[in-house]
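Read through the structure below, which is laid out as structure tokens, and then see the notes.
So that the names make sense, note that chain A is the first sequence line, chain B the second, and so on, each numbered from 1. Just so we're clear, the structure is a prediction, and the values are computed from it rather than from any experiment. Just the heavy atoms: all of them, side chains too, but no hydrogens, waters or symmetry mates, feed the values below.
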Protein chains: 4
Amino acid sequence: MQPPKQPTGRPRETRVDAAIRDAVRELVPRVGYAGLTMDAIAATAGIGKAAIYRRHTSRGELVFSVLVHGRKAQPLPDTGTLTGDLTALANLILGIFSDPVTAAATPGLLADLQQQPDIAARFQETFIAEERAQITALLERAHQRGELPVPADPALVHAAVLGTAYAWLFLLAQPPTPALASRIAALAEAAARGD
Amino acid sequence: MQPPKQPTGRPRETRVDAAIRDAVRELVPRVGYAGLTMDAIAATAGIGKAAIYRRHTSRGELVFSVLVHGRKAQPLPDTGTLTGDLTALANLILGIFSDPVTAAATPGLLADLQQQPDIAARFQETFIAEERAQITALLERAHQRGELPVPADPALVHAAVLGTAYAWLFLLAQPPTPALASRIAALAEAAARGD
Amino acid sequence: MQPPKQPTGRPRETRVDAAIRDAVRELVPRVGYAGLTMDAIAATAGIGKAAIYRRHTSRGELVFSVLVHGRKAQPLPDTGTLTGDLTALANLILGIFSDPVTAAATPGLLADLQQQPDIAARFQETFIAEERAQITALLERAHQRGELPVPADPALVHAAVLGTAYAWLFLLAQPPTPALASRIAALAEAAARGD
Amino acid sequence: MQPPKQPTGRPRETRVDAAIRDAVRELVPRVGYAGLTMDAIAATAGIGKAAIYRRHTSRGELVFSVLVHGRKAQPLPDTGTLTGDLTALANLILGIFSDPVTAAATPGLLADLQQQPDIAARFQETFIAEERAQITALLERAHQRGELPVPADPALVHAAVLGTAYAWLFLLAQPPTPALASRIAALAEAAARGD
DNA sequence: CGGTAATCGAGACGGTACGTCTAGTCTTAAA
DNA sequence: TTTAAGACTAGACGTACCGTCTCGATTACCG
């Protein structure tokens, strides 16, 4: 473990980080992920491009950091039933995907992950791992309550909830219905029971 | 009914279409969707760029035409049971996603669909609509056999099968397991039963 | 000398040659020499590009043929005096350069000559050689009349008349004045006398 | 009087201007004006195309700037006689036209002037105006010495010297002879005397 | 309080792909 | 063999973007 390197020189301005974040959030819904350019971000934020590259290594890493890494973890409530917990999870995921900024950026972000292993790893370690921990916990609670006779596979439940929501919105391009979360929860519960 | 427009001038060469298709199939797994350039396609195919742009309006439309539209429809067998039919469907979808060319291109292609409504529409009308028809048919057969007391929602089954497979491979980045198809089929069956 | 090769098949249509010539003459003043494209010529003439290339080897050769080679030789009158003959010559050259089509095409044509030795040779053998013959003849007549004690150098007279007119119009970009021809004739006469 | 516009950002590098100039001078004699491409200039200069377009609006403007505008004015000596001054002028002009770079570029450059009024104006204001000033001065000196009873027309002398040299080299495609300069001077002197 | 060092906005830099355009060739069916 | 129509290869065009670098000015800490 290296010593925390005493910083010298002029300190970075928090204002710049905020301006970058705001500029990305403003631009992504308007021009899309593919139309997002570093020059436009810098111009919108009123900063220089060097200030961005001092904080982020590439455009993909920038968008990832702003949209995924910068997201505050949303805790899931313990509703007391497996169905309730899974419905809350499905609602949470649908909420994330329905946010205009996330919706516009997600497919492009996933495309970038294919080519950039380091960002893909961070995606797994943060967003995916956090969700997985929540799922593992709620399945464990259900197992302890006796709702699940055998321990469920968290990966399959994860894929079922996340994938069905993603496919509904981005592959089938259908608007979310009020009942969607509970229907996703139902099929995820079936996946958990393994029947 | 439009008149069959008498073609004049030199007809387009089938050889060029084939060369484009082969070049894309060769390049995509090697350089990825983002690294695919029109110049490289033209050079690899041994043709001029104008010949590509005469046939395709954009890189996204080109890859879509080659990989999605050019795909021959694969019929699903009637296995006689809902479980068997859904397992065959899951296997078919996993097979498509596991093809090296498709796997390398799919996330990038889906990202492009967000920005290009015309291609998105063609994606819905071809790939999605064909799959939907197959799903609708197999659910109808199951209903007639009495396996499904009430008619199932094809859209939810579709999202469940397609999305879970997609999430497993591209979001969770896990290798497919031998049991994956049958487990996807099981949760899709639960979605079909609506329980 | 090869036999005059008996032509077989469909004979070439004179109409096509005329259409090409008219199209070039129409387009050159409008779009300039640099803006002249083979497609535009073919479209304007209502013919196919192959019909042009069957008659001309390149764009430069086409414009040369139409504008220089296709020009009917204009005979100079024998005015009886050196001054009169040279003034007629200067008027002839100024007239050629003042024609809208020739004016728009000449600088571009000369630029092409630098790169295409075969066309440059034809330019020398036709336009330049014809003018040179006229100049040689009028100088010879003046010598015989006693106006020129010693034979003059036709090349210098040629350069003086042709060059001064060209420079006035295309290098100095000045409009021709009524007296210009006689003033050019005067300096050419000085060049002929060698004083 | 406009404010001296405070420059911000990274200043342009002199090195780039020099590299562009050198590349053009190297390429023009080798490939000709028509064969000169922006890509080749950028590659030869070892710079990006954007650096060229940041400085020059078109190929014509680039070559003009490098070859005409970048030329250092060559002063004419006061030889004390009209003949001597005109011979020096003719030698100067023949020298410019005989430079391999200028010779290869001049006809193409003049062709471009026909289509680009802004460059044509700069050509008049720099190259032509400088020469005209020199000619006006030497004619004035001759008038004051009594060599010219009436003031001569600088434009005609200009056209005579410049045009005869141009025609000799580029229209008649003849190699310059040792006596050429003095013969051009003689006919220009006749033009000055107006006889 | 003056020096050191990293920051800031601005924008030029090399490199590369884009989609368009042109030249000159070739291929069709019809004449 | 010609015709009109138009597809073909090859390659330059001028624009746009990425990620880096350079400028003068600014802002903290350290001695």
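Taking atom OH on Tyr33(C) and atom C1' on dA23(E), their separation rounds to 13 Å, with Å as the unit. When the P atom of dC13(F) is taken as reference, atom CE of Met38(B) falls 21 Å away, rounded to whole Å. Taking atom CD1 of residue Ile41(D) and atom P of nucleotide dG15(E), one finds them 16 Å apart after rounding to whole Å. Rounded to whole angstrom, the span from the CD1 atom of Ile52(A) across to the C1' atom of dG9(E) amounts to 11 Å. For Leu27(B) and dA17(E), the CG to P distance is 12 Å, given to the nearest whole Å. Following rounding to the nearest Å, His56(A) (NE2) and dT20(F) (C1') show an atom-to-atom distance of 17 Å. We find that CG of Asp17(A) is positioned 11 Å from P of dT7(E), with the value rounded to whole Å.
Taking 4.0 angstrom as the limit, Thr8(B) places a side-chain polar atom (N or O) nearer than this to OP1 or OP2 of dG6(F). In terms of phosphate contacts, Arg55(B) brings a side-chain nitrogen or oxygen within less than 4.0 Å of OP1 or OP2 of dC8(F). Residue Tyr53(A) places no side-chain N or O under 4.0 Å from the OP1 or OP2 atom of dT20(F). Applying the 4.0 Å criterion to OP1 and OP2 of dC8(E), one finds that Arg12(A) has every side-chain N and O outside that range. In this model, the phosphate group of dT3(F) is approached by a side-chain N or O of Arg54(C) to a distance below 4.0 Å at OP1 or OP2.
Judged purely by distance below 3.5 Å, without hydrogens or angles, the side chains of Glu26(C) and Thr44(C) never pair a donor atom with an acceptor atom. Between the side chains of Arg122(D) and Ser65(D), at least one donor N or O sits under 3.5 Å from an acceptor N or O.
Residue whose closest nucleotide on DNA chain F sits further toward the 5' end, between Ala40(D) and Ala40(A): Ala40(D). Nearer to the 5' terminus of DNA chain F, by closest-nucleotide assignment, is the contact made by Ala45(C) (compared with the other of Ala45(C) and Asp39(D)). Looking at which nucleotide of DNA chain E each of Glu13(B) and Ile47(A) is closest to, the 5′-most match is held by Ile47(A). Between Gly48(D) and Thr57(C), the one whose closest nucleotide on DNA chain E sits nearer the 5' end is Gly48(D).
In this model, a side-chain donor or acceptor of Arg10(A) finds a partner on the base of dT26(F) within 3.5 Å. Contact annotation: side chain of Lys49(A) to base of dG19(F), donor-acceptor pair present below 3.5 Å.
Relative orientation of the Phe64(B) and His69(B) rings is tilted, given thresholds of 30° and 60° on the angle between their planes.
One finds the CD1 atom of Ile20(B) at 4.0 Å from the CD1 atom of Ile47(B) (value rounded to the nearest 0.5 Å).
Among the protein residues, Ser58(C) comes within range of the sugar-phosphate backbone only, with heavy atoms under 4.0 Å from sugar or phosphate atoms but none that close to a base. Nucleic acid contact class of Ala50(C) (heavy atoms, under 4.0 Å, all strands): base. Leu36(C) comes within 4.0 angstrom of the backbone, heavy atoms only, and of no base.
Among the nucleotides dC17(F), dG14(E), dT22(E), the one closest to the side chain of Thr37(C) is dT22(E). Here the nucleotide nearest the side chain of Ala51(D), chosen from dG14(E), dT22(E), dA12(F), is dG14(E). Listed candidates were dC13(E), dG19(E), dC8(E). Nearest to the side chain of Arg15(D) is dC13(E).
Taking the ring axis of Tyr33(B) as reference, the NZ or CZ atom of Arg59(B) stays within 45° of it and closer than 6.0 Å to the ring centre.
We find that Arg55(C) and Asp17(C) are joined by a salt bridge, their nearest charged nitrogen and carboxylate oxygen being less than 4.0 Å apart.
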